[in-house]
Every structure is written in C-alpha cells, then in structure tokens.
*Asks:* 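Please see the structure below; I have some questions.
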Amino acid sequence: MAKKTRKTEKAWQTGPEWQKPFYITTTLPYVNSDPHIGFAMEAIRADTVARAKKLDGFGVFSNTGTDEHGMKIYQNAQSRGVSPQEYVDEYAAKFKALIPALGLMPDTNFIRTTDPHHVRAAQAFWKAVEQNGYIYKKNYKVKYCVGCELEKTESELVDGKCPLHPLQELETIEEENYFFKASAFQKQLLELYETKPDFVIPDSRLNEIKSFVRKGLEDFSISRLASKMPWGIPVPDDDTQVMYVWFDALVNYISAVGWPDELSGDQPSELSSAVSRKGELIDQKFQHWWIETGGVVQYCGKDNLRQQAAMWQAMLMAAGLPNSRTIVVDGFITGDGGVKMSKSLGNTVDPFEIVKEYGTDALRYFVLRELHPFEDSPFTPEKFKEAYNAHLANGLGNLVSRVMKMAVANDVKLDEKTAQSIEKSSEIIMAMKEYEKGFGGYNIQQASNAVWTLISKADAIVQEREPFKKIKTDASAAKRDIAELLAYLKIIAGLLLPILPQTAETILDLIKENKMPERPLFVRK
RNA sequence: CGCGGGGUAGAGUAACGGUAGCUCGUCAGGCUCAUAACCUGAAGAUUGCCGGUUCGAUUCCGGCCCCCGCAACCA
C-alpha cells in the first residue's frame with residue numbers, strides 16, 4: 001500500500017503515508033491582553049476535534065498561535081516602555097503556556113505572525129494578490145480627534161463627534177493606503193456559500209454571512225503608513241507602508257502549513273515565481289494539508305465571522321488559492337445572566353486559575369459540554385462547581401471508583417468476549433451513533449451527552465443487578481455483571497479520549513492493571 | 001420599516017404539525033459497591049402576547065412586545 005516511502009520521511013508527516021490528512025486551526029488571538037476563557041474554549045474545542053480525527057485514523061495538523069502586529073500592540077509596548085518585540089515575546093509565551101494547561105496535543109503547531117517564515121509568506125501572499133490585480137492605492141480619509149490625538153472610526157463616534165471631546169470638530173486626514181478589492185468577490189463568495197452548505201457552522205451564522213455579503217462588499221484598506229505605525233510587515237516594494245494587521249494575520253493559516261514552499265531560499269526572484277503560479281501547485285506540505293484535506297477547518301468566535309468566512313476567503317480567491325473547508329463559529333462566554341465579561345465588571349475568568357483549582361480536564365469538560373456549542377452561554381464559578389460535582393465527581397469519578405472497587409475486590413478482569421458482546425448492545429450502538437453525529441456536526445456537547453448517557457446507564461446497572469450483593473449468593477453471575485461494567489467503563493473511557501484525554505488514559509490504565517484509583521479522579525468540591 | 005439571532009418548568013437547554021425530552025436544583029422512597037456518592041418516583045411549563053391556517057401548532061403564516069448581537073477599515 002505504501003509505495004512512496006519518500007513521503008514518510010517528511011517531518012510534517014505525522015502518520016503513515018496512506019493516512020487521510022485533516023487540518024484544523026483556531027484563530028490567532030491578538031496579544032493585547034492575557035489569554036481569556038473564550039479563547040481557551042476555542043482552543044479546547046479545536047483540539048478535541050483534532051484528537052477525535054486522529055483516533056479515527058486521520059493524519060492531523062492542528063494549529064494555533066498568536067497575532068502580534070498592529071497599532072494596539074505598538075501602543076501597549078510604547079506605554080510600557082518596551083520594544084514591540086519584547087512585548088510580544090512575553091505574551092507569546094503566555095499563550096504558548098495554554099498548550100499544556102489546556103491539555104492540547106503536544107504536537108499542536110504554534111505559529112507567531114512575527115515568525116520569519118510567516119513574514120515572508122505574508123509578503124508573498126501580498127504579491128500574489130497584487131499580481132492578480134486586486135490591490136490598488138487610494139486616498140483614505142480618517143477622522144481625527146485633536147483632543148484625543150487619535151484617529152477615530154465611525155463606530156466610535158456619537159452623533160458624528162468624539163464622545164470624549166464632543167465640543168471639538170473632528171479633523172479629516174487623508175493618507176494614501178493600499179486597498180484590497182474585496183468588492184470583486186461578492187459573487188464568488190455567495191457561490192461558495194451556496195455550493196457548500198456546511199461551509200459555516202452553525203446554519204444561523206451561514207445565513208448571517210450570506211446576507212452580509214449579499215448587501216455588497218466594500219474594498220478595505222490593507223496597509224498603514226509606516227511613519228505612523230511601524231509595527232507591521234513591510235509591504236513588498238514599498239518601505240513607506242506596512243500591512244494592516246488583519247491582512248497579515250489571516251495568512252497564517254497557509255503559512256503554518258508551509259506556503260509557499262519556494263520561499264525557503266529567501267530570494268525575491270523565487271518569491272515572484274512562486275506567486276506567478278497562482279497556487280496551481282505549491283509544495284508538498286501545502287499540497288498535503290491544504291489541498292488534499294479539502295481545506296482547513298477553522299474555529300472562531302462569532303466576532304470573527306466576517307473576517308474568516310468572507311474577508312479571508314476573498315483573499316484566498318484573490319491569490320488563486322482554494323478556500324477553507326469549514327468555519328465553525330462559537331458563541332461568546334458571558335458572565336452570569338448573559339452580561340458581557342469585562343474587567344471593569346470583575347466577572348472575567350482566567351483559564352489558568354480554573355486549571356489550577358480544578359484541573360485541565362475539568363475545564364475541558366465544562367467548555368465542551370456545559371457551554372452551548374454555538375450560542376452565547378454564561379460561565380460562573382457557581383455553575384462550574386455545580387457541573388463539576390454533578391458530572392465529574394459524582395458521575396464519572398464515582399462510577400470509576402465503584403466499578404473498580406468491585407473488580408479489584410473480586411478479581412474480575414475484562415475479557416474479550418464480554419467486551420465484544422457489550423459493544424453490540426443496543427445502548428452502546430445508540431450512544432455511538434449519537435456520538436458520531438455530534439462530532440460530525442462539530443457539536444461536541446451532543447457527543448459528550450452520549451457518553452454521559454452511558455455513565456448513567458452503568459450506574460443504573462449497578463443498582464439493578466446489585467453485583468455487590470449477588471456476589472455472596474451467585475458469585476459467577478456477579479462476576480459476569482462486573483465484567484460487563486468493566487466493558488462499559490472501557491467504552492466510556494475510549495469515547496472520552498478526545499474530550500478528557502488525561503482522565504480517559506487514567507481509566508484505561510486502571511482497567512488494564514485492575515486497580516482502584518489511588519485518589520478520586522475528581523475530588524468533590 | 002437597516003441586518004441578524006432569540007424569548008420553552010426556579011436556572012440552563014432539546015424537540016417539532018399530533019402524549020413538551022434532558023441537566024442542575026427541590027421533595028419522597030430505595031440501595032450500601034462507590035467520592036454522604038448511586039438508583040427509582042414525584043412536584044413544577046396554559047412553550048413572550050394577539051390573531052390566522054389546520055381535524056390538531058410550541059412547531060407554519062401575520063401583527064405586537066421584550067432581550068441580544070452586528071452596522072465593516074477598533075484584531
């Protein structure tokens with residue numbers, strides 16, 4: 001089967017040559033503040049899908065990282081009196097620390113938009129778009145508030161005035177910027193949404209982006225004057241301008257998988273030859289992860305819908321590259337009662353704190369099953385604790401303890417025959433169906449519900465058959481019951497592998513070694 | 001009439017033209033293998049309001065009220 005052994009030598013090839021590839025990514029969080037719970041949710045969900053795919057036998061490339069250019073970072077660095085590079089280095093480390101803290105796969109790719117390869121890729125991408133005729137220069141008018149000494153956007157204004165300085169008239173400043181001809185892609189985008197009904201998940205978000213694009217797209221500015229804001233990737237062949245941060249950041253999804261290969265030599269001539277081919281054939285790595293996968297699956301928050309599902313797709317079209325495969329849109333995590341999380345309200349949640357107090361898998365559990373998969377939902381310490389106690393301590397953890405106790409006390413091990421017959425039972429088949437359906441629609445909550453249905457079922461079996469009692473009167477029947485419970489537990493643990501990876505491994509080990517957990521899997525709080 | 005989403009038991013949610021399901025919480029029984037955990041049962045919803053279509057609507061249509069996003073160059 002594996003004919004091309006050459007391919008398997010590639011470092012990026014994570015599995016056997018014949019494995020089907022799957023590529024998933026989060027958005028890259030902007031490093032203007034510490035990692036927040038919303039991004040943690042996005043990262044955990046993407047990781048869970050990635051793990052599930054891996055278990056399904058796919059070769060998986062999972063990407064995350066940090067978005068590090070732009071005005072806000074430049075200003076933050078200045079106000080702290082450090083260089084932008086020092087500033088972003090510090091933040092990148094904080095975000096990278098999420099990989100172990102959230103239990104993301106250790107081989108998760110972490111890209112920074114300041115990485116040299118990414119910088120070159122962004123420039124190559126720019127050139128590709130430019131050569132295809134979708135970049136032009138135009139005067140760009142900005143409103144400027146003298147009081148704030150800042151540019152203001154329309155959305156910041158109240159009645160056409162700066163809310164902080166309502167008595168002052170706004171000045172209009174003109175500067176020359178490069179623009180991206182997004183307007184040229186309205187039709188193509190609508191076609192994309194029409195032909196791929198699962199391009200955006202959930203449906204409601206697909207409708208939203210459809211109606212947005214239907215109203216017409218305006219070209220947007222994709223550069224800034226370097227004299228005003230130098231912290232960006234230089235525009236190719238124009239030192240006076242740097243790229244607008246969005247334009248650069250979105251390119252990470254292809255630079256992360258090696259686009260364009262020809263750039264490895266750093267030579268400008270290679271750069272232009274790469275782009276002239278308009279993505280017809282790029283390198284093997286890109287070919288593998290972007291083309292053979294049918295595109296990347298992108299997780300993003302609902303505030304990113306336009307950028308990911310319209311802007312970025314138009315940019316890909318402009319560069320002559322195939323589109324993403326699916327955009328999965330999360331809701332926001334809110335405070336109690338659906339109010340916005342904000343530092344001033346004091347209702348923010350630090351993912352590192354939660355992990356410290358409850359553990360990685362507890363946080364994974366909560367964001368995967370207790371929060372709505374696509375809509376806004378609230379995260380409060382009370383809800384977290386309640387869910388933790390009910391489903392992890394009393395549910396899963398307690399089940400493991402009681403089953404393993406009976407198994408160890410009566411020296412019952414899981415045998416192949418029992419395992420197979422349980423796998424064929426209708427409860428398990430139904431749960432598996434639900435589980436797969438859930439993952440198929442990126443509804444991890446639904447998939448998790450199927451697992452907890454089995455946990456309840458196992459608890460009910462203990463109560464109904466009372467093997468702990470029966471062991472005194474009919475030992476062999478009791479042992480059969482216990483073996484069946486072990487089979488249940490093994491299936492449950494198997495299904496939990498992508499969801500609660502550490503816990504699932506622990507349970508599988510306990511079954512294999514016929515041991516009680518040394519301490520409760522989830523201590524009641 | 002700017003666009004979009006939503007209003008289902010105390011809380012969070014599911015379903016969908018034909019007994020409104022689930023989780024947490026509450027109450028009552030049961031069990032003792034287990035992390036005072038577990039199992040069973042019960043109470044609790046005129047499915048925002050008003051009309052219409054229909055044999056029948058929470059589900060389809062129209063109107064109204066309320067909530068929440070978005071309204072693009074702020075990542």
*Asks:* To the nearest Å, give me how far apart CE (A:Met229) and C1' (B:rC74) are.
*Replies:* 13 Å
*Asks:* To the nearest Å, give me how far apart CG (A:Asn443) and C1' (B:rC22) are.
*Replies:* 14 Å
*Asks:* When rounded to the nearest 0.5 angstrom, what distance separates CG in A:Asp481 from OG in A:Ser476?
*Replies:* 9.5 Å
*Asks:* Would you please indicate yes or no on a ring centroid separation below 6.0 angstrom for A:Phe384 and A:Phe379?
*Replies:* yes
*Asks:* Scan every strand shown for a Watson-Crick or G-U wobble partner of B:rG2, both distances under 3.5 Å, and answer none if you come up empty.
*Replies:* B:rC70
*Asks:* Could you please name the option among B:rC73, B:rG30, B:rU35 that lies closest to any side-chain atom of A:Ser221?
*Replies:* B:rC73
*Asks:* Which whole-number value in Å describes the distance from A:Lys472 NZ to B:rC31 C1'?
*Replies:* 12 Å
*Asks:* For residues A:Tyr365 and A:Trp452, establish whether the separation of their ring centroids is below 6.0 Å.
*Replies:* yes
*Asks:* Give me, pair by pair, the N or O atoms of the protein and of nucleotides 11-15 of chain B that are less than 3.5 Å apart, along with how far apart they are.
*Replies:*
| from | atom 1 | to | atom 2 | distance (Å) |
| --- | --- | --- | --- | --- |
| B:rA14 | OP1 | A:His372 | NE2 | 2.8 |

*Asks:* Please report whether the ring centroid of A:Phe179 lies less than 6.0 Å from that of A:Phe220.
*Replies:* no
*Asks:* Can you name the nearest heavy-atom pair linking A:Pro467 to A:Ala478, along with the distance?
*Replies:* O-CB, 3.7 Å
*Asks:* Nearest whole angstrom, please: distance from the P of B:rC73 to the OH of A:Tyr244.
*Replies:* 7 Å
*Asks:* Would the A:Tyr244 and A:Phe180 ring centres measure less than 6.0 Å apart?
*Replies:* no
*Asks:* Under 4.0 Å between a side-chain nitrogen and a carboxylate oxygen: does that hold for A:Asp330 and A:Lys302?
*Replies:* no
*Asks:* Please determine, for the side chain of A:Asp459, which listed nucleotide (B:rU32, B:rC38, B:rC24) has the closest atom?
*Replies:* B:rC38
*Asks:* Does A:Phe220 stack onto the base of B:rC73, taking stacking as ring centres under 5.5 Å apart and planes under 30° apart?
*Replies:* no
*Asks:* Taking the six-membered ring of A:Phe212 as reference, does the cationic atom of A:Arg306 (NZ for Lys, CZ for Arg) lie under 6.0 Å from its centre and within 45° of its axis?
*Replies:* yes
*Asks:* Between P on B:rC22 and NZ on A:Lys457, what's the gap in Å once rounded to a whole number?
*Replies:* 15 Å
*Asks:* Are A:Lys385 and A:Tyr388 in a cation-pi contact, defined as NZ or CZ under 6.0 Å from the six-membered ring centre and within 45° of the axis?
*Replies:* no
*Asks:* Work out how far the P atom of B:rC39 is from that of B:rU46, and round it to whole angstrom.
*Replies:* 29 Å
*Asks:* With a 6.0 Å cut-off on the ring centroids, do A:Phe95 and A:Phe110 count as close?
*Replies:* no
*Asks:* In the structure shown, which nucleotide is the Watson-Crick or G-U wobble counterpart of B:rC64, with both distances under 3.5 Å?
*Replies:* B:rG48
*Asks:* Heavy atoms within less than 4.0 Å of RNA chain B: which residues of residues 393-415 of chain A have one? Give them sorted by number.
*Replies:* A:Ala393, A:Asn394, A:Gly397, A:Asn398, A:Ser401, A:Arg402, A:Lys405, A:Met406
*Asks:* In this structure, how many angstroms lie between the P atom of B:rA34 and the CE atom of A:Met516, rounded?
*Replies:* 7 Å
*Asks:* Rounded to whole Å, how long is the line connecting atom CZ of A:Arg205 with atom C1' of B:rC70?
*Replies:* 10 Å
*Asks:* With RNA chain B as reference, determine whether A:Leu217 or A:Asn304 sits nearer its 5' end, using the nearest nucleotide of each.
*Replies:* A:Leu217
*Asks:* Should B:rA11 form a Watson-Crick or G-U wobble pair with both distances under 3.5 Å, which nucleotide is its partner?
*Replies:* B:rU23
*Asks:* Any base atoms under 4.0 Å from A:Leu521, or only sugar-phosphate, or nothing? Heavy atoms, all strands.
*Replies:* base
*Asks:* With a 4.0 Å limit, can you tell me whether A:Arg524 has a side-chain N or O closer than that to the phosphate oxygens OP1/OP2 of B:rA37?
*Replies:* yes
*Asks:* Could you please name the partner base of B:rU40, counting Watson-Crick and G-U wobble pairs only when both distances are under 3.5 Å?
*Replies:* B:rA28
